[in-house]
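Throughout, a chain's letter reflects where its sequence line sits, starting with A, and its residues are numbered from 1. As the structure is a computational prediction, the values presented were derived from the model and not from experiment.
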There are 2 protein chains.
Amino acid sequence: MTVGAKETTIYDIAAKLDISAATVSRALKDHPRVNKNTKKLIVKTAAEMGYLSNSFASNLRKKSSNIIGLIVPRLNSNFMSDVIAGIEKVLNNNNYNVFISQSLETMTKEISNANDMLVNRVDGLMVSLAYDTTNINHFEPFVKRNIPVIFFDRVFEQDDYPQIYIDNFKAAYEITAHLIKQGSKRIVHITASQLRNVYSDRLAGYKKALEDNNLKFEEALVIINNLSSEAGHEAANQILKMAPLPDAVFSANDICAVSCMQTLKKNGIRLPDDLLFAGFNNDPLTCVIEPNLTTINYKGYEMGEVAAKQMISRLMNKDEFQPAHNLILKYELIVRESSLRNK
Amino acid sequence: MTVGAKETTIYDIAAKLDISAATVSRALKDHPRVNKNTKKLIVKTAAEMGYLSNSFASNLRKKSSNIIGLIVPRLNSNFMSDVIAGIEKVLNNNNYNVFISQSLETMTKEISNANDMLVNRVDGLMVSLAYDTTNINHFEPFVKRNIPVIFFDRVFEQDDYPQIYIDNFKAAYEITAHLIKQGSKRIVHITASQLRNVYSDRLAGYKKALEDNNLKFEEALVIINNLSSEAGHEAANQILKMAPLPDAVFSANDICAVSCMQTLKKNGIRLPDDLLFAGFNNDPLTCVIEPNLTTINYKGYEMGEVAAKQMISRLMNKDEFQPAHNLILKYELIVRESSLRNK
DNA sequence: TAAATTTGCGCAATCGATTGTATTATTTTA
DNA sequence: TAAAATAATACAATCGATTGCGCAAATTTA
């Protein structure tokens, strides 16, 4: 095929072999009602002619694209990259392709991405929500069209959609209890938009741990920001102004925790002597900062696999009703020097 | 529209308004030859009926998808995430969507991804190559079909494709010269697959800087690995065995540099006193490791924008021949404590 | 050997939007 | 007011693959 030449179609193959296009079509998808030898000949000829199936035509006729949409807040984390790798593996094995987009943490772009997915007729949609998403009306057109929508990690508090996540409440409870056991009594909690389960659940777990250990919850010890590196520096400045100083910090992600630690250190605070620290996510940064950061680890790859398998299962059984059950994955608390009180 | 109901088509709209589907089609895309009032009525009715354009049919007829494929080695870096954000912004503004996939640094998956892109009939393809890609035959089907292919960052040494990258030779030269100026004479260079321009150019720049400063190039000082965190630890062990010890290390990426520094520090090497260090990419890690790491910074977002604009330009002028010229972007050397000899 | 199955293949409709080419209605020009 | 020009709309083919149905040939069964 030379530049600009016309694409080969099943009709061209049919004409060349003097058979019908229907047979060519069936042969190429290994339909049982086509003779083996005919199949071989057709496949061989198709290859020779540089045939490439036209997915537009096929999709149009079949009313399905074999594409799954994926909307995530950002791509730049090991966690997300792992999730995606897990999703891709499972979906590719099941003959689906993945259409990825990032919302950049804004509902506006999330809506726009969802619409793109709709126009491009994805067969299913997998979503991890942006910070400021207040409602999920933009996913209703999918439900109306019977296109499965699955949430993972950053889910929405609603029973209509299947969801995959970890027990953020329990993880935060454990990490807070750990800090308390190390002798902390005034624990700052840095977190983000309470619209997102991952952050509201962690705050709730933190509160419950305080309560169970007879510590009073203080609103003033909760800092809400966007958990960015810059926010961490600012949080440090807020902490420095607290009187008396707190004796521990539990940040809802590692990036923010690390930059917060850096600024505190620059201001003469000794870690972990003056202040214990804990983060969340087990980012590579945690093993670089000194002292190494205590954190919660959970496997993105596995979460991706589980979510994708759930999707496949729903696509395979589109006819029958599937209750939207939730899957809760494991995590582990990793204790490092940052949260160990020197005795 | 209720679950399972049939999708509204332009024929449904046409029937309801007792006009032809052709007019509906033209009205919906704001064709000048349709009366303004008719347009309004059609748009309104379409909205009321919950009409959603069928992209399969449209693409089939128009022979284009308005989708650009994007293949990158991995998604989990700030750099790549920025590149993608830049690409998305430009392409979305021009009514294109982006189909993203990661090769996970293997040629096998890169080929598989390319085929998926081909089957899904992308209108253009943007690629940053995997470590072990030895040839780019898998992109020829695109060229044959007159589908633009553009390489960025990890490009291929061949003039047939437009390429966007930074001057890796010069950057490496500068960083090496900087280390030499600080008094280094035996500089280790850690790098990856020499198949990739980014690494071979950096090695060449390193060599040239040595030469220009009358330092002999020593094969034994070059470590080739996959630049992962683990590889950094191993590199440190190799370095520890060198006798005499080198007096500086220039790593072709930051992640590897940082883990290498960590292991060296654990083994009693003082940084930067015993050994100067420099990395590449300006990863967030560079500001966390102690001492902070000297590195090369270049903006991914800008690279994405430039590459995408190049793509748009080629798509706009598909008829006319476009010479495959290369675009070389700016970078900056960021000097931090890791490469400053204490006097 | 006749009847019943099974195998192999073709016909033709279908999936929806697009668009070149009419055709009709309206406006402008002479 | 008739002719010319323009605006607005309709007709019908087209893009390629899929698939229900029908038919003939080959094979199996009775």
Side-chain angles (χ1 to χ4, degrees), chain A residues 1 4-43 45-46 49-67 95 118-121 123 145-146, chain B residues 1 4-43 45-46 49-67 95 118-121 123 145-146:
Chain A
M1 185 177 148
K6 232 174 115 269
E7 249 344 281
T8 305
T9 71
I10 54 170
Y11 296 101
D12 300 325
I13 300 173
K16 182 157 192 170
L17 298 178
D18 198 28
I19 53 177
S20 80
T23 300
V24 174
S25 175
R26 292 194 174 101
L28 291 174
K29 53 180 300 227
D30 207 24
H31 191 284
R33 296 297 277 280
V34 178
N35 183 285
K36 272 195 178 182
N37 297 321
T38 317
K39 262 184 206 167
K40 267 189 197 168
L41 180 64
I42 289 174
V43 170
T45 309
M49 296 178 76
Y51 171 77
L52 181 65
S53 171
N54 186 316
S55 61
F56 301 152
S58 170
N59 292 346
L60 173 59
R61 182 59 223 251
K62 294 196 300 180
K63 291 173 177 295
S64 82
S65 61
N66 273 58
I67 291 176
N95 260 314
L118 199 61
V119 169
N120 284 295
R121 307 270 167 164
D123 287 350
R145 288 174 170 80
N146 203 22
Chain B
M1 185 174 151
K6 231 174 115 265
E7 242 356 273
T8 304
T9 71
I10 53 171
Y11 295 100
D12 299 326
I13 300 173
K16 182 157 195 171
L17 297 178
D18 197 28
I19 53 178
S20 80
T23 300
V24 175
S25 174
R26 291 196 171 99
L28 290 174
K29 56 183 298 229
D30 207 23
H31 191 284
R33 292 300 275 282
V34 178
N35 184 286
K36 273 196 177 180
N37 298 320
T38 316
K39 261 183 207 168
K40 269 190 196 168
L41 181 62
I42 289 174
V43 169
T45 310
M49 297 178 76
Y51 171 75
L52 180 66
S53 172
N54 186 316
S55 61
F56 301 151
S58 171
N59 292 344
L60 172 61
R61 183 58 223 250
K62 293 196 301 182
K63 291 174 178 292
S64 82
S65 62
N66 273 58
I67 291 176
N95 261 314
L118 199 61
V119 169
N120 284 294
R121 306 271 167 164
D123 286 349
R145 288 173 170 80
N146 202 24

For dG8(C), does either OP1 or OP2 sit under 4.0 Å from a side-chain N or O belonging to Asn35(A)?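 So the side-chain polar atoms of Asn35(A) do come within 4.0 Å of the phosphate oxygens OP1 or OP2 of dG8(C), strictly under.
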May I have all residue pairs that pass side-chain hydrogen bond (donor to acceptor under 3.5 Å, both in side chains) and include part of residues 53-66 of chain A, sequence neighbours excluded?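 Found Ser65(A)-Asp123(A).
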Side chains of residues 13-25 of chain A: which donor-acceptor partners sit under 3.5 Å, not counting sequence neighbours?
| residue | atom | partner | partner atom | Å |
| --- | --- | --- | --- | --- |
| Ser20(A) | OG | Ala22(A) | N | 3.4 |
| Ser20(A) | OG | Thr23(A) | N | 3.2 |
| Ser20(A) | OG | Thr23(A) | OG1 | 3.2 |

Going by number, which of residues 60-67 of chain A have a non-hydrogen atom under 4.0 Å from DNA chain C?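 Per residue number, the list reads Leu60(A), Arg61(A), Lys63(A).
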Non-hydrogen atoms of Leu52(B) and Arg121(A) that approach each other most closely: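 Of all heavy-atom pairs spanning Leu52(B) and Arg121(A), the closest is O-NH2, 2.8 Å.
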Scan for salt bridge (Lys or Arg N to Asp or Glu O under 4.0 Å) pairs involving residues 30-39 of chain B, sequence neighbours excluded, and state none if there are none.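 Non-adjacent pairs meeting salt bridge (Lys or Arg N to Asp or Glu O under 4.0 Å): Asp30(B)-Lys39(B).
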Rounded to the nearest Å, what distance is computed from the [atom1] atom of residue [X] to the [atom2] atom of nucleotide [N]?
X        : N       : atom1 : atom2 : answer
His31(B) : dT18(C) : NE2   : P     : 11 Å
Leu52(A) : dG16(D) : CG    : P     : 12 Å
Ile13(B) : dA17(C) : CD1   : C1'   : 11 Å

Indicate for each nucleotide in nucleotides 24-29 of chain D, in 5' to 3' sequence, whether protein heavy atoms under 4.0 Å reach the base (B), only the sugar-phosphate (S), or nothing (-). ------
Would you mind reading off the bend of the helix from dT1(C)-dA30(D) to dA30(C)-dT1(D) from its two end axes, five pairs each, to 10 degrees?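 The helix from dT1(C)-dA30(D) to dA30(C)-dT1(D) shows an end-to-end axis angle of 30°.
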Contacts under 3.5 Å, N or O only, protein and nucleotides 20-22 of chain D:
| residue | atom | partner | partner atom | Å |
| --- | --- | --- | --- | --- |
| dG20(D) | N7 | Arg26(A) | NH2 | 3.4 |
| dG20(D) | O6 | Arg26(A) | NH2 | 2.7 |

Residue-level proximity of residues 14-21 of chain B to DNA chain D when a heavy atom falls under 4.0 Å: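 Residues of residues 14-21 of chain B that come under 4.0 Å of DNA chain D are, in numerical order, Asp18(B), Ile19(B), Ser20(B).
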